[in-house]
Amino acid sequence: MLPVTDRVPVIAGIGLSELPVAPHLTAAGHHALAARRAIEDCGISKGDIDGYFAAGAYDEAVTTAEYLGIRPRFIGGAMTGGTSFELFVEQAMLAIEAGHAEVVLISYGSDLLSARGRSLGTGELGTAGGGAAGASTAGGGAAGTARAVGKLVGGPAAFEAPFGNTLVGAYAMAAMRHFYEFGTTPEQIAEVAVAMRRHAALNPVAMHRDPITVEDVTASRMIADPLHLLDCCLVTDGGGAVVVTTSERARDLRQLPVYLLGAASAMSHWNVSQMPDFTTTAAARCGPEAFARAGVSPDEIDVAQLYDSFTITVVLLLEDLGFCKKGEGGSFVAGGRLGPGGSLPTNTDGGGLSAYHPGMRGIFLLVEAARQLRGQAGRAQVPGCSLALACGSGGWLSCMGAVIMGAEHP
Amino acid sequence: MSVQADCWEGRPWPLPDAVAQPFFDAAGCGRLQLQRCVNCGTAVFYPRPYCTVCLGELQWIEACGKGCIYTFTVIRQNLSRAWRGQVPYVVVMVELPEGVRMMGNLVACPADEVHIGMPVEALFVSSSAWTGGETAGSGEPTSDRAGRPARGLVLWHPIPG
């Protein structure tokens, strides 16, 4: 017998905008299209939305709420990088449980590829303190005025930008340290890219679907040692949205609810030079917390959606979330374990490495996890999927958010 | 420790706030300084207004200027205007015996000889474009009490062994 008021939070609706390339859509257009599709997906009335969360490199919740014509009574939008959306789910869960909101919309939209082109996190935005996820760092503290003699940078960026580190370079330094401490190899982390590409082959809207091998990855050009081109996520356009509401409300809606069983987040630093330990992320703190809240363990997870900004990111998350011991991530990802038919299918839409990465991938982790739990993942469907984990990584391995979702009412 | 004046002019250059100014003033004189907490003894870098552990008062201390490489990467692609002509170059995280890490560039060392644990020593560079009387000029921030452009910058080179 369910309680009279069943306020267990659920994802009731999901939507994607047009992926992976949509030159006709602005960032706000991606927000709107994804939101419309998520609203239509669950059949809720737009006017019932009373909570709203959004973040982006170039927009924020107050702006997009106005664009969308939403007047929330509960609003949030802390920019924690690509994982912002996992943190929003955690906050939405609390708001729903406490009765501060009934229907929460979380949306994301980006025209990164069409507006700015691909620089692999090594362009003007890729300098330290000024990556896509941290544009505000450079913009806020720095003069930012390009002059004949370069530009002046202030704030924490004054201690990184003068050395020309890139977004890729930050993750490369984590990989280099992991190789040094644990003997991890380029071939091992390349397995992550290979597995993501095998999933992408099953996703008709993935950016790249042709199979690749470990040799293809390690033979691709070096971007920042030891990360090769194919160790790096894509730059695409795209948007996504989810509707979070109560289990009770979801009973009258169109789709099977996806139950939000437990979520947790943690931050260890923002600028990469402040990372306490380059081989351990804050997921080592929020992972166990999320599992405890959900009352499940890593070996029960049927499908994982782990932010694959770079191959090394997935290795670090697998270790920190407890799927394997620290230092064993390299061997864990070998043998196709993360690919289709593997024991831990991961990033079943093809991930940021092969499907889509418009700058912040967190929303897509949630949408794909929900698709799997509903049994709507098409050729990518993991049979009998009843428990899913989404874990985002934001900034420069800075902020982590883990969300555990289930097909069954807790 | 020598002060060189050969810093290429495209390099983004620090415009420190009041808290960070002493670090760059010292670097301009060939000295490596960082902060230590008067209350709990924690070494702090980058410069902060108060201690990152206990929020206690900080004082500037002289660092020995040596350290070893904690991790590094070789940047082989950077499409930004400032850097595209500089690749490949080495970005290092240097661990100092005083208890902090600093990002920097390793110079005077072939990229394929860099390794974690390598002992390195601070190298101070200045840029005449930024220190030779040119002022911050227009377009600078007015809200964060920015000081003057840094007098010097800390890079690293291998300790000959």
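Labels below follow one simple rule: chain letters A, B, ... track the order of the sequence lines, proteins then strands, and each chain is numbered from 1.
Among all heavy-atom pairs drawn from A/Met275 and B/Arg101, the shortest one is O-NH1, 3.1 Å. Residues A/Gln274 and B/Tyr46 come closest through the heavy atom pair NE2-CD2, 3.3 Å. Looking at every heavy atom in both residues, A/Gly169 comes nearest to B/Thr73 through O-CG2, 3.8 Å. The shortest heavy-atom contact between B/Leu153 and A/Pro162 is CD2-CB, 3.8 Å.
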TODO: Start with the C-alpha distance between B/Met103 and A/Val272, add both sets of side-chain angles, then the distance that settles side-chain contact (heavy atoms from CB on, under 4.5 Å), and finish with yes or no.
DONE: CA-CA 9 Å; B/Met103 186 181 282; A/Val272 72; 3.8 Å; yes
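The candidate with the highest count of non-hydrogen atom pairs below 4.5 Å against chain A, out of B/Arg48, B/Met102, B/His115, is B/Arg48. For chain A, the option among B/Ile116, B/Val91, B/Thr52 with the highest count of heavy-atom pairs below 4.5 Å is B/Ile116. No other option in B/Ala111, B/Pro14, B/Pro88 has as many heavy-atom pairs under 4.5 Å with chain A as B/Pro14. Chain B forms the most heavy-atom pairs under 4.5 Å with one residue out of A/Ala175, A/Ser273, A/Pro226, A/Ala170, and that residue is A/Ser273.
Using a 4.5 Å cut-off between heavy atoms, B/Phe72 contacts chain A through both its backbone and its side chain. Heavy-atom distances place both the backbone and the side chain of B/Tyr70 under 4.5 Å from chain A. Neither the backbone nor the side chain of B/Val90 comes within contact range of chain A; no heavy atom of the residue lies under 4.5 Å from a heavy atom of that chain. Using a 4.5 Å cut-off between heavy atoms, B/Phe45 touches chain A through backbone and side chain atoms alike.
Side chain of A/Tyr180 to backbone of B/Thr71: no donor-acceptor contact under 3.5 angstrom is found.
Here B/Tyr89 and A/Phe163 keep their ring centres 6.0 angstrom or further from each other.
The side-chain heavy atoms of B/Arg76 and A/Asp225, taken from C-beta on, include a pair separated by under 4.5 Å. The side-chain heavy atoms of A/Leu229 and B/Gln77, taken from C-beta on, include no pair separated by under 4.5 Å. B/Ile75 places a side-chain heavy atom less than 4.5 Å from the side chain of A/Asn165.
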